[in-house]
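Following: one structure in structure tokens, then a few remarks.
Each chain gets a letter, A, B and so on, in the order its sequence line appears, and its residues count up from 1. These numbers come from the heavy atoms of this one structure, side chains and all, not from hydrogens, waters or symmetry mates.
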Protein chains: 2
Amino acid sequence: MRSIGKQAELLKVIGHPVRLRILRELTKGVKCVSDLEEFLEISQPNISQHLALLRHHGLIDYYMDGRLRCYFLVDPIVPDLLDVLNRDYENPLPAPACCPVTKRGKYPGNRRH
Amino acid sequence: MRSIGKQAELLKVIGHPVRLRILRELTKGVKCVSDLEEFLEISQPNISQHLALLRHHGLIDYYMDGRLRCYFLVDPIVPDLLDVLNRDYENPLPAPACCPVTKRGKYPGNRRH
DNA sequence: TAATTATATTCAAATATTAGCATATTTTTA
DNA sequence: TAAAAATATGCTAATATTTGAATATAATTA
């Protein structure tokens, strides 16, 4: 299992709107940079930077096809995380049972009982 | 479903080692700030800041128990995301079929066929 | 009511991230 | 071999995040 540090790093890398859109697109299949340019409204160098970041973190990789770099997903956690993000949650988590005991114990006084 | 922007924001908020540890702890049950102080090695003001950030993003909330603030999870996506992060993945995703066609089509030349 | 406990807020400094611009690299085509 | 196409890299300025330090607040107890 990933360490907490690695988990946080992973989330930070994915947690950018452009990178999220790139990853979503790659879950659909292989894309070259020009394909990505078509639907991301940002500059090509900027796209390349984001791709490099994702690649250096081991989330994606590419192969060459002529002069095209064809990027694809390699880390299997990515589609699973994206699936969770797409889920619709109707309700918040149930509120905890009234005043459960923390390590510090309970205090008298004006509690919300 | 959350917008891409909200999804990225959510991941960025969770994507910090201290906040991740706080959230993991809260999946186990309600904790007051002093409880959290015991196992996080950082200052109390810093913990409060992270708690405030998590709360302002709607991930957690608290109730008062005397002078204790008892924090708990409210966003149901959190335990699901943490579960995925804890999964063990044996293998990378299968490599894409050789040279799938991108929108730009294929190029002749020295491809890896 | 003064002291104590539990926790939050504010501000500033250090650091990290992001985007833009100019330019470089690589492969292919003419 | 020169030009074009596809993409990457390096640098910089703008912005955001993070932490620490000092202080504030709010509830409880003495």
Counting heavy atoms from C-beta on, name the nucleotide in [options] closest to the side chain of [X].
X      : options                   : value
H50(A) : dA19(C), dA6(C), dA6(D)   : dA19(C)
L68(A) : dA6(D), dA6(C), dA8(D)    : dA6(D)
Y71(B) : dT7(D), dT27(C), dA8(C)   : dA8(C)
S48(A) : dA4(D), dT9(C), dA8(D)    : dA8(D)
H16(A) : dA8(D), dA19(C), dT18(D)  : dA19(C)
K12(A) : dT17(C), dT28(C), dG20(D) : dT17(C)
N46(B) : dT19(D), dT27(C), dT9(C)  : dT19(D)
R67(A) : dA8(D), dA6(C), dT27(C)   : dT27(C)

### Message
Looking at K12(B) and E9(B), is there a salt bridge between them, counting it only when a charged N and a carboxylate O are closer than 4.0 Å?
### Response
no
### Task
Apply the test side-chain contact (heavy atoms from CB on, under 4.5 Å) to residues Y89(B) and V84(B): give CA-CA distance (whole Å), side-chain angles for both, the deciding distance (0.1 Å), then the verdict.
CA-CA 10 Å; Y89(B) 293 90; V84(B) 172; 3.7 Å; yes
[X] [atom1] to [N] [atom2]: how many Å, rounded?
X      : N       : atom1 : atom2 : value
L54(B) : dT7(C)  : CG    : P     : 16 Å
E41(A) : dA19(C) : CD    : P     : 10 Å
L53(A) : dA19(C) : CG    : P     : 11 Å
I14(B) : dT18(D) : CD1   : P     : 13 Å
R19(B) : dT18(D) : CZ    : C1'   : 9 Å
I42(A) : dC21(C) : CD1   : P     : 13 Å
Q49(B) : dG20(D) : CD    : C1'   : 9 Å
Y62(B) : dT25(D) : OH    : P     : 16 Å

### Message
Check whether R21(B) reaches the backbone of F39(B) with its side chain - one donor and one acceptor, N or O, closer than 3.5 Å.
### Response
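Answer holds: yes.
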### Message
Under a 3.5 Å cutoff, is there a donor and acceptor pairing between the side chains of D35(B) and Y71(B)?
### Response
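Note: D35(B) and Y71(B) side chains miss the donor-acceptor criterion.
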### Message
On DNA chain C, does the nearest nucleotide to R69(A) precede the nearest nucleotide to P45(A) from the 5' side, or the other way round? Give the residue.
### Response
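Looking at DNA chain C, the more 5' nearest nucleotide goes with P45(A).
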### Message
For a quick check of understanding: with a heavy-atom distance under 4.0 Å over all strands, which category does R55(A) fall into, base, sugar-phosphate or nothing?
### Response
nothing
### Message
Whether the side chain of Q44(B) and the base of dA8(C) hold a donor-acceptor pair under 3.5 Å is what I'd like checked.
### Response
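In this structure, the two groups form a donor-acceptor pair.
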### Query
Under the side-chain contact (heavy atoms from CB on, under 4.5 Å) criterion, do I4(B) and R24(A) qualify, and how do the steps go?
CA-CA 10 Å; I4(B) 286 272; R24(A) 273 204 192 290; 3.9 Å; yes
